[in-house]
2 protein chains.
Amino acid sequence: MSDVLHRKPASSPRPACASAPPGGWRGDLPPPAGTTEPLVRDEDDGGVLDLVELFFFAYRDFVGDADRLLETYGFGRAHHRVLHFVDRRPGLSIAALLDILRITKQSLNRVLKQLLDAGLVEARAGAHDRRQRLLYLTPRGEALARELATLQSERFRRVLGDMPPPARDAAADFLFAMIDADQRARVHDHLARARVRDGLTDDAP
Amino acid sequence: MSDVLHRKPASSPRPACASAPPGGWRGDLPPPAGTTEPLVRDEDDGGVLDLVELFFFAYRDFVGDADRLLETYGFGRAHHRVLHFVDRRPGLSIAALLDILRITKQSLNRVLKQLLDAGLVEARAGAHDRRQRLLYLTPRGEALARELATLQSERFRRVLGDMPPPARDAAADFLFAMIDADQRARVHDHLARARVRDGLTDDAP
DNA sequence: CGCTATATGTCAGCTATATTGACATATTTC
DNA sequence: GAAATATGTCAATATAGCTGACATATAGCG
């Protein structure tokens, strides 16, 4: 069985103590008898619920790093997402960004306006279609975007021990499979475009 | 290299078409030249950024199922979290719940009051310490909690192909490692308490 | 017995992020 | 020239979080 699920918390740098957690969630263990439910769960949620919770905790800490940094700049998660995706795909149109973020243009606009005003993002009219406003990061926007990206990348690097391809692939496959089946093509397409941007393509003829 | 990252999106049930995505994020590819940045990223973010984004998309879809169901009940994510953790650890105290959720008591109280009023959660005074209000789900609360849990569990089951222990362990280890090092002991402790509740302990005497 | 600490509730006001609906403008396309 | 598209904007609303201040009940201690 999984280490995570059974060994005493001896995983990270001196996890203090198993019976009395460090900063410690309070203990209030024994249900005072007379609960309305059975002692053992009927069907499903054997140990899978552990995964559900681990995903919750992992994501929270994953975004926590960036949140803290953003606070010092007076920005929030919404700004982070815009910076991130514009950094990944410079020249992204508003419509494309809306499609990625799945928010309304009104929501995006508030945040985007702040980033434009702060001089972190720049919008240029599209060359072919002048109705479009294509988004780019300014050097300062890039600096922040990369500072944020580094925080999050480093967590992955730590976890996957500096990325031996098989480990990285396993994680990527797992996360990709967690995405809604009908969204995977879109995500795949997005990643491909980001890779083109990075000059890392090898599909090219 | 990873399937996810290189094969044409032929992963899920008929992903439509690679060059023109199904519901399709818009395409606006070639940066109109004259960008301020280099063509290839300096140091870090090789392919790790893909993982960062996959984590983002995966989490969004992961909570999306539950969000949709909750909407039909007029509840939100905050209610979900309370239902979930009370279901996992019946008899949880307010303080313990606050420690897990990492929100203020004021934030919790608004949501909790609604759940109490709706008759999904019940609070009983602690037997030993009568100041405490220990939380339990009513049968109706349990029903909703499990409906939600099932949605999320099923996603994991689908992904990890009905949970052969090694796959489940790998996922659990990966997610656990993504958690802040100084939080792992607490999470571990929480999982242990949940497991005790489920009568699945084998650490016993 | 009182004093203090703890567990919890509550009022009031603020912020960030999202929503809907309606309407305005510029540009492309047919 | 009309219709469709890409975008911006105003206004109202909801959710989920926050801070600060203050109230109450119970526990624990000397």
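Proteins get letters first, then strands, A, B, ... in listed order; numbering begins at 1 in each. Reckoned from all heavy atoms, side chains included, excluding hydrogens, waters and symmetry mates.
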Heavy-atom nearest nucleotide on DNA chain C for B:Ile94 versus A:His79: which residue maps closer to 5'? B:Ile94
Send over the distance from A:Leu70 CG to C:dT15 P, rounded to a whole Å. 19 Å
A:Arg88 side chain to A:His190 side chain, donor-acceptor N/O pair below 3.5 angstrom: no
Take the angle between the ring planes of B:His80 and B:His84 and call it parallel below 30°, perpendicular above 60°, tilted in between. perpendicular
Residue pairs meeting salt bridge (charged side-chain N to carboxylate O under 4.0 Å, His left out), one or both in residues 66-77 of chain B, sequence neighbours left out, come to B:Asp65-B:Arg68, B:Asp67-B:Arg77
A quick test of your reading: do over 12 heavy atoms of other residues, nucleotides or ligands sit less than 6.0 Å from CZ of A:Arg158? yes
Could you report the tightest heavy-atom contact between A:Ala167 and A:Leu160, atom names first, then the distance? O-CD1, 3.8 Å
B:Ile103 CD1 to C:dT15 C1': how many Å, rounded? 16 Å
Go through D:dT7, C:dT10, C:dA18 for me and flag the one nearest to the B:Asn109 side chain. C:dT10
In whole angstroms, how far is the P atom of D:dG17 from the CG atom of B:Leu98? 11 Å
Side chain to side chain contact (heavy atoms under 4.5 Å, CB included) with A:Val82: which of A:Leu112, A:Asp87, A:Ile100, A:Leu120? A:Leu112
Would you say D:dA16 has OP1 or OP2 under 4.0 Å from some side-chain N or O of B:Ser107? no
I want to confirm an ordering. Mapping B:Leu116 and A:Gly74 to their closest nucleotides on DNA chain C, which one lands closer to the 5' end? B:Leu116
Taking CG from A:Leu135 and P from D:dA6, how many angstroms apart are they, rounded to a whole number? 15 Å
Distance, rounded to the nearest Å, where B:Leu101 contributes CG and D:dC18 contributes P: 10 Å
Would you kindly give the CG-to-P distance between A:Leu134 and D:dT7, to the nearest whole Å? 8 Å
Can you label the angle between the A:Phe57 ring and the B:Phe85 ring as parallel, tilted or perpendicular, going by 30° and 60°? tilted
Do B:Gln106 and C:dG13 share a donor-acceptor pair, side chain to base, under 3.5 Å? no
Atom-to-atom span, CZ of A:Arg68 to C1' of D:dG17 - whole angstrom: 17 Å
What string of B, S and - do you get for nucleotides 23-30 of chain D 5' to 3' if you count protein non-hydrogen atoms under 4.0 Å? --BBS---
For B:Arg77, report the nucleic acid contact type (base, sugar-phosphate, nothing); a contact means any heavy atom under 4.0 Å. sugar-phosphate
Side-chain N or O of A:Thr104 closer than 4.0 Å to phosphate OP1/OP2 of C:dA18: no
Distance check: side-chain N/O of A:Arg81 vs OP1/OP2 of C:dA18, anything under 4.0 Å? yes
Euclidean distance, atom CG of residue B:Asp99 to atom P of C:dT6 [Å, nearest integer]: 14 Å
